[in-house]
Amino acid sequence: MATTLAPVENREVVRCDDCHLVQFKTTNNLCRRCRASLDEDEPEPILTPAVPLMEADESDRSEIQVAKAIRSLRQRCGLSQRQLAMRMGVPRTYVSKIENEKATPTLSSLERLAKALEVSVPDLLRECGPSREDDVRQMMADPFIVELMEFTAKLNAMQLSSVLAQVRDMIAHPRRGA
């Protein structure tokens, strides 16, 4: 394998990656010194260790769930995937891929989806995620949060800021054996 340096006139100047000899590229593509091939090989792929995928927890509703929202809005409107696709001007398979989480809609696709479903984009996204009431209801089910609220209601802004800083510090620098 060779590294191309610069073309000179009609000839290509290369450096052999094995013996580092700088030379004109020959017709047989072999190095004059070590006879190694000067043909450029495919670069070796850089392998990175596989990152294990976290399984989606059904009870965790904090993420936006576009696929479920689009399916429920489509069904609420009484549309088939084909009808929705025709309104959007896309293939039916694209709607299917979005609903099955095989494709993520672009911003322009979200606009077309919202228009086809006769809702605004903010309303479409609001349907995708949990409502604020759901979040509050879920937090109020946690006994620790309920007990914590009794005390935080009595703190001023400076004290709240200090408590928050301490909690962040505990998370960033956990102590062993505690």
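Worth knowing before you read on, the calculation uses all heavy atoms, side chains too, and leaves out hydrogens, waters and symmetry mates.
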Side-chain donor-acceptor pairs under 3.5 Å in residues 162-171, sequence neighbours left out?
none

Distance (rounded to the nearest 0.5 Å) between [X] [atom1] and [Y] [atom2]:
X: Asn28; Y: Ser37; atom1: CG; atom2: OG; value: 9.0 Å
X: Arg87; Y: Lys115; atom1: CZ; atom2: NZ; value: 11.5 Å
X: Met88; Y: Arg112; atom1: CE; atom2: CZ; value: 5.5 Å
X: Leu113; Y: Ile98; atom1: CG; atom2: CD1; value: 5.0 Å
X: Gln83; Y: Met86; atom1: CD; atom2: CE; value: 8.0 Å
X: Leu79; Y: Leu117; atom1: CG; atom2: CG; value: 6.5 Å

**Request:** For residues Pro105 and Tyr94, report the shortest heavy-atom separation together with the two atoms involved.
**Result:**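 Reported closest heavy-atom pair: CA-OH, 3.5 Å.
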**Message:** I need the minimum non-hydrogen distance between Leu21 and Cys31, along with the two atoms involved.
**Reply:**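 Reported closest heavy-atom pair: CD2-SG, 4.3 Å.
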**Request:** Spell out, yes or no, whether Val119 and Val90 are grouped together once hydrophobic residues are joined by side-chain heavy atoms under 4.5 Å, including indirect joins.
**Result:**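 Shared cluster, yes.
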**Prompt:** In terms of hydrophobic clusters joined by side-chain contacts under 4.5 Å, are Leu30 and Phe24 together?
**Reply:**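 Per the 4.5 Å side-chain linkage, Leu30 and Phe24 are not co-clustered.
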**Message:** Once side-chain contact (heavy atoms from CB on, under 4.5 Å) is applied, do any residues pair with Pro122, and if so which ones, sequence neighbours excluded?
**Reply:**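 Per chain and number, Pro122 pairs via side-chain contact (heavy atoms from CB on, under 4.5 Å) with Ser120, Arg126.
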**Asked** Got a sec, which residues hit side-chain contact (heavy atoms from CB on, under 4.5 Å) with Glu101, two or more places apart in sequence or on another chain?
**Response**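 Only Ala67 meet the side-chain contact (heavy atoms from CB on, under 4.5 Å) criterion with Glu101.
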**Message:** Between Thr106 and Ser109, do the side chains contain a donor N or O and an acceptor N or O under 3.5 Å apart?
**Reply:**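 A pair is found: one side chain offers a donor N or O, the other an acceptor, under 3.5 Å apart.
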**Message:** Pair Cys16, Gln23 - check side chain to side chain contact (heavy atoms under 4.5 Å, CB included), show working.
**Reply:** CA-CA 8 Å; Cys16 176; Gln23 57 196 306; 3.9 Å; yes
**Request:** Only counting residues at least two apart or in another chain, list the ones meeting salt bridge (charged side-chain N to carboxylate O under 4.0 Å, His left out) with Arg35.
**Result:**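 Scan of Arg35 (salt bridge (charged side-chain N to carboxylate O under 4.0 Å, His left out), adjacent residues dropped) gives none.
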**Message:** Just to verify, what does Arg71 make a salt bridge (charged side-chain N to carboxylate O under 4.0 Å, His left out) with, not counting sequence neighbours?
**Reply:**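 Arg71 satisfies salt bridge (charged side-chain N to carboxylate O under 4.0 Å, His left out) with Glu99 once adjacent residues are dropped.
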Validation: residues 141-153 side-chain donor-acceptor distances under 3.5 Å, sequence neighbours left out:
| from | atom 1 | to | atom 2 | distance (Å) |
| --- | --- | --- | --- | --- |
| Asp142 | OD1 | Phe144 | N | 3.0 |
| Thr152 | OG1 | Leu148 | O | 3.3 |
| Thr152 | OG1 | Met149 | O | 3.3 |

**Asked** Is there side-chain contact between Cys77 and Glu118, with at least one heavy-atom pair below 4.5 Å?
**Response**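 No, every pair of side-chain atoms sits at 4.5 Å or beyond.
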**Asked** Given side chains that start at C-beta, do those of Thr104 and Val66 come closer than 4.5 Å, heavy atoms only?
**Response**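 With C-beta onward as the side chain, the pair stays apart.
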**Atom CZ of Arg82: over 12 foreign heavy atoms under 6.0 Å** =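 No, the 6.0 Å shell around CZ holds no more than 12 heavy atoms from other groups.
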